2 protein chains.
Amino acid sequence: MPRIGLDRTTLLQTATELADAEGLNAVTLASLAQKLNIRSPSLYNHVNGLPDLLRQMALHGLTLLSSALSREVAGKTGDDAVRALCRAYLAFARAHPGLYEAIQRAPDEGDEAMQKAGGEVVGQVVAVVSEYGLQGDAALHAVRVIRSLLHGFVSLERQGGFGLPLDLDVTFRLMVETFLAGVKTIRNGEWRL
Amino acid sequence: MPRIGLDRTTLLQTATELADAEGLNAVTLASLAQKLNIRSPSLYNHVNGLPDLLRQMALHGLTLLSSALSREVAGKTGDDAVRALCRAYLAFARAHPGLYEAIQRAPDEGDEAMQKAGGEVVGQVVAVVSEYGLQGDAALHAVRVIRSLLHGFVSLERQGGFGLPLDLDVTFRLMVETFLAGVKTIRNGEWRL
DNA sequence: TTATAAAGCTAACGACATTAGTTATCCAAA
DNA sequence: TTTGGATAACTAATGTCGTTAGCTTTATAA
């Protein structure tokens, strides 16, 4: 019975590799244990069952995403900040498809750690939008729109929803520019709901 | 052994009710069989296992969605057609959250029926966009952007990703108007990628 | 050197999907 | 009206997975 010396970090890293390589559905206690050369009940010494494992993966992913966004946006303002944010979001989702899936699982009600981790990602978007001339509710709506844009594109790309052989990066840039142009129009008050 | 006389329609309907009420994860052969007062192996007389059930639910959902879009868009053109399409998409996703989840499952490679059913939904969007002054690749990009918008919003709303007590319908309308304004700017050639 | 906490293990249970083989029902043809 | 076949239900059994309970060994600190 050689003792592996497994710790939370390598556990999460291994689970992440599994998810990114074969999809989140491939992450089971059985498959993770096998990859770690361990029997699945032993995992309960580190994790409180499968739901807790998935939750910790989501937390880990949100932390990574938040810091990636913060890093790429740093020093930029206005349109450039929005572009950098969007690029970084897309890059993260492409680099960590399984982790990205984990992030999308709806958290339990009253899970403060998840709320906080998610709030930090949203905070990056808020920061970018806030110095954009949008105030109050308008800024909050804009944040929601950006999140919808990004998540929708990433999600459709990941599931292969875009069938045609048309450059996806072009679509993505076009989407961001369309948003920027639309926001300017709206900001200038040329419309009413 | 009373014979139920189960047919494909009631089977799909029951599965849909289950999915819409308790989420797609709650749709198992066991739970579906229980709801039908049947033993789960009996389901194999109607369905080729759980993956096939989920696939048929997706097909059913795509058909419903496609006809809903077609119905609501009928007779409208330009901005109004886009608005009607978006409203109908959102309404469907809200009315059938479980079925909407089923639609999002990535189809197998070479599943022609799924490709076709998905293509009909995309076709509705193409039809709306095509008479919009966008031609060729630009139209295809626009279709992708609309799909991203819609799916992203629906998906975030469904998983409770929008925490704040700010009217979601307002955000949605704002998102659509932002897109319309942005597209006009882009169509007028005021930007370059 | 020894006691204790922790990290691994085996055994066992329940839920689920799935397969094989059985029986009863329905319907259509004789 | 009878009969035969297709079909829709069933039971039994297997394998996988998550999970719990309880045991054993290792590492570490007293």
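Letters A, B, ... are given to chains in the order of the sequence lines, protein chains preceding strands, and every chain is numbered from 1. All of these numbers come straight from a predicted model, not from anything done at the bench.
- Rounded to whole Å, the distance from CG on A:L6 to P on D:dT26 is 18 Å.
- A search for ring-ring contact (aromatic ring centres under 6.0 Å, His included) contacts involving B:F179 returns nothing, not counting sequence neighbours.
- Separation of atoms CG (B:L90) and CZ (B:R173) is listed at 10.5 Å; rounding is to 0.5 Å.
- When rounded to the nearest whole Å, the span between CG of A:L18 and C1' of D:dC17 equals 15 Å.
- Partners of B:H96 under the ring-ring contact (aromatic ring centres under 6.0 Å, His included) rule, at least two apart in sequence or in another chain, are B:F92.
- Between A:Y100 and the options A:R94, A:R158, A:H151, a side chain to side chain donor-acceptor pair (under 3.5 Å) holds for only A:H151.
- Residues of residues 37-57 of chain A having a heavy atom closer than 4.0 Å to DNA chain D, listed by number: A:S40, A:P41, A:Y44, A:G49, A:L50, A:P51.
- A side-chain contact (heavy atoms from CB on, under 4.5 Å) with B:V129 is found for one member of B:L85, B:V145, B:I146 and no other, namely B:I146.
- To the nearest angstrom, C1' of D:dA8 lies 13 Å from CG of B:L11.
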